[in-house]
Amino acid sequence: MITYERFTIICWIWISFAVVIFPLLLKVTQPYGRHSNSKWGKRINNKLGWFIMELPALVVFGFFLSFTENLFDKLVLIAGLLWALHYVHRALIFPFRLHTKGKQIPLVIVVFGILFNTVNGFLNGYWLAHFAVANESDSLVNLHLIVGVVLFIAGYSINKYHDRILIKLRNGSKAGYQIPYGGLFSYVSCPNYFGEIITWFGFFVVTLSLPALSFLVWTMVNLIPRALDNHKWYKKEFENYPENRKAVIPFLL
Ligand SMILES: NC(=O)c1ccc[n+]([C@@H]2O[C@H](COP(=O)([O-])OP(=O)(O)OC[C@H]3O[C@@H](n4cnc5c(N)ncnc54)[C@H](OP(=O)(O)O)[C@@H]3O)[C@@H](O)[C@H]2O)c1
């Protein structure tokens with residue numbers, strides 16, 4: 001059993017990694033999807049890569065929760081269900097919906113993804129299994145649970161809705177890339193990332209925990225530089241790309 005003090009130190013170390021990596025990711029484009037290239041070594045099937053790298057978040061988190069006596073505590077149960085809602089889709093459904101036949105993902109991205117999802121699954125699962133109940137405050141618990149769940153569901157819906165628009169662009173015999181329209185694409189190039197950030201902000205509000213904060217920070221560190229790269233790529237690729245779109249946060253960034 002890890003003490004609360006040690007666990008807190010581990011969380012802060014994990015957050016500080018994210019802070020250090022952020023300026024690096026602003027300079028180096030993450031080499032998957034439209035930015036995939038063979039310079040990053042061995043590559044594997046794209047769908048298989050997504051499945052392998054997302055699965056640990058579900059398995060590791062589930063492992064810790066399955067051993068806790070507090071599973072039916074209000075906070076543990078709600079946070080556990082939200083996590084499962086997201087990761088059952090992300091690991092078991094999303095990879096198989098992608099229209100990326102013949103596409104490959106660098107192994108280095110998959111290895112990093114496995115590490116990222118294992119650590120996040122461990123930190124969040126362990127915290128809920130061992131520390132959540134002791135940290136619960138009766139007076140505030142209902143309000144932050146309600147606000148957090150609403151934010152999570154809003155972010156989840158935004159993320160899934162816009163991922164679906166992107167995936168549908170390649171329905172039928174269409175391949176390659178097109179300018180996406182509809183929903184928040186009127187405002188930003190990557191509304192799916194905007195939804196993902198709101199999702200994990202909602203999860204943080206539900207748990208008010210350091211592991212959830214670390215996941216929110218990591219999500220922003222991963223997705224903000226990638227959204228800036230995607231936005232630049234769209235403008236370079238399509239002459240008629242809508243000028244008023246921002247990269248990821250409507251009206252701001
Ligand atoms: N929490 C985190 O830290 C984190 C990190 C990374 C990703 N994610 C989430 O994982 C999901 C996927 O991320 P991603 O970076 O792969 O998203 P993405 O670049 O937007 O791509 C999503 C899918 O749509 C296709 N696509 C994108 N733009 C297209 C266009 N203009 N025309 C036709 N097809 C298009 C992509 O094909 P190609 O693959 O061929 O480009 C891919 O299959 C998102 O929901 C994201 O929020 C979360």
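Ligands are counted one by one from 1 in listed order, and the atoms in each one are counted from 1 as well. This chain uses plain numbering: 1 for the first residue, then up along the sequence. Here the structure is a predicted model, which is why all the values come from computation and not from measurement.
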Starting from [atom], find the nearest protein heavy-atom neighbour and note its residue, name and distance.
atom: atom 21 (O) of ligand 1; value: Leu166 CD1, 4.5 Å
atom: atom 28 (N) of ligand 1; value: Arg34 NH2, 3.0 Å
atom: atom 32 (N) of ligand 1; value: Gln178 N, 3.2 Å
atom: atom 14 (P) of ligand 1; value: Tyr193 OH, 3.5 Å
atom: atom 47 (O) of ligand 1; value: Glu196 OE1, 2.8 Å
atom: atom 20 (O) of ligand 1; value: Asn192 ND2, 3.0 Å

Looking just at side-chain N and O atoms, do Tyr193 and Arg226 make a donor-acceptor pair shorter than 3.5 Å?
->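 There is such a pair between these side chains.
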Between Ser189 and Asn230, is any pair of side-chain heavy atoms under 4.5 Å apart?
->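 Of all side-chain heavy-atom pairs linking Asn230 with Ser189, none is under 4.5 Å.
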Considering only heavy atoms from C-beta outward, does the side chain of Phe152 approach that of His86 to under 4.5 Å?
->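 Yes; the side chains approach each other to less than 4.5 Å.
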At their closest point, which heavy atom of [X] faces which heavy atom of [Y], and how far apart are they?
X: Gln30; Y: His35; answer: O-CB, 3.5 Å
X: Asn192; Y: Asn159; answer: O-ND2, 2.8 Å
X: Phe215; Y: Asn124; answer: CB-ND2, 4.2 Å
X: Ile198; Y: Ile158; answer: CD1-CD1, 4.2 Å

Residue selection (non-hydrogen contact nearest atom 41 (O) of ligand 1) among Phe238, Tyr177, Trp200 |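 Comparing heavy atoms across Phe238, Tyr177, Trp200, the nearest one to atom 41 (O) of ligand 1 lies in Tyr177.
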Give the single entry among Ile165, Asp163, Leu98 that approaches atom 42 (C) of ligand 1 most closely by any heavy atom.
->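 Nearest heavy atom to atom 42 (C) of ligand 1 lies in Leu98.
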Could you tell me which atoms of ligand 1, counted from 1 in the order shown, lie closer than 4.0 angstrom to a heavy atom of [X]?
X: Arg170; value: 33 (C), 34 (N), 37 (O), 38 (P), 40 (O)
X: Asn222; value: 3 (O)
X: Phe116; value: 3 (O)
X: Gly33; value: 38 (P), 39 (O), 41 (O)
X: Lys103; value: 38 (P), 40 (O), 41 (O)
X: Arg226; value: 15 (O), 19 (O)
X: Thr100; value: 39 (O), 40 (O), 43 (O)

Report the part of [X] in contact with ligand 1, treating N, CA, C, O as backbone and CB onward as side chain, heavy atoms under 4.0 Å; options are side chain, backbone, both, neither.
X: Asn159; answer: side chain
X: Leu223; answer: side chain
X: His99; answer: neither
X: Leu169; answer: side chain
X: Trp50; answer: side chain

Which of parallel (below 30°), tilted (30 to 60°) and perpendicular (above 60°) describes His130 and Tyr126?
->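 Judged by the thresholds at 30° and 60°, the geometry between His130 and Tyr126 is tilted.
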Out of curiosity, is Arg90 lining ligand 1, as in a heavy atom under 4.0 Å away?
->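 Contact check Arg90 vs ligand 1: positive.
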Looking at ligand 1, does Gly176 have a heavy atom less than 4.0 Å from it?
->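 Gly176: in contact with ligand 1 (<4.0 Å).
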If you count every heavy atom of other residues, nucleotides or ligands that lies below 6.0 Å from [X] atom [atom1], does the total exceed 12?
X: Tyr87; atom1: OH; value: yes
X: Phe22; atom1: CZ; value: yes
X: Tyr187; atom1: OH; value: no

Does Arg245 make a cation-pi contact with Tyr181 (under 6.0 Å, within 45 degrees of the axis)?
->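 Yes, a cation-pi geometry.
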Consider only side-chain heavy atoms of I, L, V, M, F, W and Y, link residues closer than 4.5 Å, and tell whether Phe63 and Leu82 are in one cluster.
->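 Hydrophobic grouping puts Phe63 with Leu82.
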